[in-house]
Protein chains: 2
Amino acid sequence: MNIASPTSNYFGQPEGILASAAHVANSKQMLALTGIKRKLSKGSTILHEEDDVKHVYEIVSGTVKTSKLLADGRRQVIGFFGAGDIIGLPFEFASFYSVEAVTQTTILCYPISQLHAVMGQSPELTKFVFSCVHNEQEKQIDHMISLGRKRPKERIASFLLDFYNKRVDMGFADQVIELPMSRVDISDYMGLTQETVCRVLSFFKRRAIITSRNSHEITILDLPSLERMAQSSVLH
Amino acid sequence: MNIASPTSNYFGQPEGILASAAHVANSKQMLALTGIKRKLSKGSTILHEEDDVKHVYEIVSGTVKTSKLLADGRRQVIGFFGAGDIIGLPFEFASFYSVEAVTQTTILCYPISQLHAVMGQSPELTKFVFSCVHNEQEKQIDHMISLGRKRPKERIASFLLDFYNKRVDMGFADQVIELPMSRVDISDYMGLTQETVCRVLSFFKRRAIITSRNSHEITILDLPSLERMAQSSVLH
DNA sequence: CGCATGATTGAAGTACGTCAACTCTTGTGG
DNA sequence: CCACAAGAGTTGACGTACTTCAATCATGCG
């Protein structure tokens, strides 16, 4: 579902995955779906909780996180999104989470009204949008299992594998994963404290399962062990 | 989004919420969307994990749960669904969870292919289906926050309030909530053990926040306290 | 270079899980 | 109709895995 080079844009070809999906599906009618490009600096908020959602966002480059706050400040990060990911359901509503840029990020904003118009003409685009909704829900359910039933080591191992597998899907063959977000972001995503996240990562390093040049770049040394760790942490 | 009497079915009126939505939207064309009725005994499985999803289900009466298993038998219950609820995304795919009847249950099964055909003709039905997807996702996100960032007392209080609020939405004015599922089901939903669920419920009883005639029927005595408890358990 | 912020490690406390006993319910068959 | 069994629910005692609090160590930016 993730496409290797979403930024590729040669003459005559619309920019962005959604636009491309609409373009291919309507090559005869040349029905236009054009996203407005926006550049976001690190930490800036794209959408606050409760804001009216008028656009679907496609990440061109960078990373964003979606999150929700409790009254006393506790935070749950719902998800992280990178290049090629689509954020937002394909209809207007009050957002149930905020969307923030983790790094400097470029996004394409598709007005939902326009998206609907084109979807009405293009079953292929409709299908593609549905597949995004589907992927999104599957990711959310896996995340719920991590939060509800996995131990910290299993959660972090699953988290690292998610990033690794995404890179594999995108055609990269190395064992390096980039974690642009802070330890606090990771802990708020995993339902843990930042200290526990650190300790688990240190544990993986001590066990030579991973190594890291700096805190935002992790190299997997022992993939089978990491995969076992994601399933069960019984053998510590 | 919950309608009080989904079983109401007078002459000439199609049965079920989805069918009604399609009917109203197409009163001139009389486009048919008919669900096949199925009766399920307590504990029976409607859908296993990985099964191909060919239908969207509407609960007429009873309660069902969706859940997913880990390799070593740990279980996460994703959600509980009662009368008027719709289960399943409006397109075919391999299910990412199993669907089981918690009590004797009656459901209406709408073939997804037929649903799509009617959706193509009826923007109102499409809108209604989207609103179901939207509600479903909002519930899932709230659940993720419970699992990731709430303490057991807050989780259980939120859980009870969900059931209470649903009853209020359906027009009931009493403070009684029915919990047809077992304590183990609740614990697998909340990411806790059954013992912790019991202890928290006992704590609420000792505090005269709730009372119960039997283990499946709970009466809220102190709604404000329960609502406070769902936000924060600091004052024990 | 120096400060601010983030990451890591250590020590100590506690909330929740585990294990186990007991009770209450429900249903079945003598 | 009661006796008993099987299962679900509840409570208690205890251990520990994670959090909390605190100090130290990197990193990066002005």
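In the text below, chain A, chain B and the rest are named by the order of the sequence lines, each starting its count at 1.
Looking only at distances, no side-chain donor or acceptor of A/His55 sits under 3.5 Å from a matching main-chain atom of A/Tyr110. Formation of a donor-acceptor pair under 3.5 Å by the A/Thr103 side chain with backbone atoms of A/Gly62 is not found in this model.
Distance B/Arg183 CZ to D/dA8 P: 13 Å, rounded to the nearest Å. What separates CZ of B/Arg206 from P of D/dT10 is a distance of 12 Å, to the nearest Å. Counting to the nearest Å, the P atom of D/dT19 and the CD atom of A/Gln194 are 11 Å from each other. Rounded to whole Å, atom C1' of C/dC16 lies 15 Å from atom CZ of B/Phe203. Rounded to an integer number of Å, the gap from NZ of A/Lys150 to C1' of D/dA17 is 18 Å. Between the CZ atom of B/Phe204 and the C1' atom of D/dT10 there is a distance of 16 Å, rounded to whole Å. If you measure from atom CG of B/Leu179 to atom P of D/dT10, you get 11 Å, rounded to the nearest angstrom. Separating the CD1 atom of A/Ile186 from the C1' atom of C/dA7 is a distance of 11 Å, rounded to the nearest angstrom.
A salt bridge is defined here as a Lys NZ or Arg NE, NH1 or NH2 lying under 4.0 Å from an Asp or Glu carboxylate O, and A/Lys150 with A/Asp142 fails to meet this definition. Taking 4.0 Å as the cut-off between side-chain N and carboxylate O, A/Arg167 and A/Asp174 count as a salt-bridged pair.
Figure legend: B/Lys65 and B/Tyr189 shown without cation-pi pairing, the cationic atom not lying both under 6.0 angstrom from the six-membered ring centre and within 45 degrees of its axis.
In the displayed structure, B/Gln104 atom CD is contacted under 6.0 Å by at most 12 heavy atoms of other residues, nucleotides or ligands. Atom NZ of B/Lys39 is surrounded by 12 or fewer heavy atoms from other residues, nucleotides or ligands within 6.0 Å.
Nucleic acid contact for B/Leu192: sugar-phosphate only, since backbone atoms but no base atoms lie under 4.0 Å from a heavy atom of the residue.
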Reading 5' to 3' through nucleotides 20-30 of chain D, protein heavy-atom contacts under 4.0 Å coded B for base, S for sugar-phosphate only, - for none: BBB--------

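Using a 4.0 Å cut-off, no side-chain N or O of B/His216 falls inside it from OP1 or OP2 of D/dA8. Between A/Lys153 and D/dA17, a side-chain N or O to OP1/OP2 separation shorter than 4.0 Å is absent.
Residue whose closest nucleotide on DNA chain C sits further toward the 5' end, between A/Arg149 and A/Met181: A/Met181.
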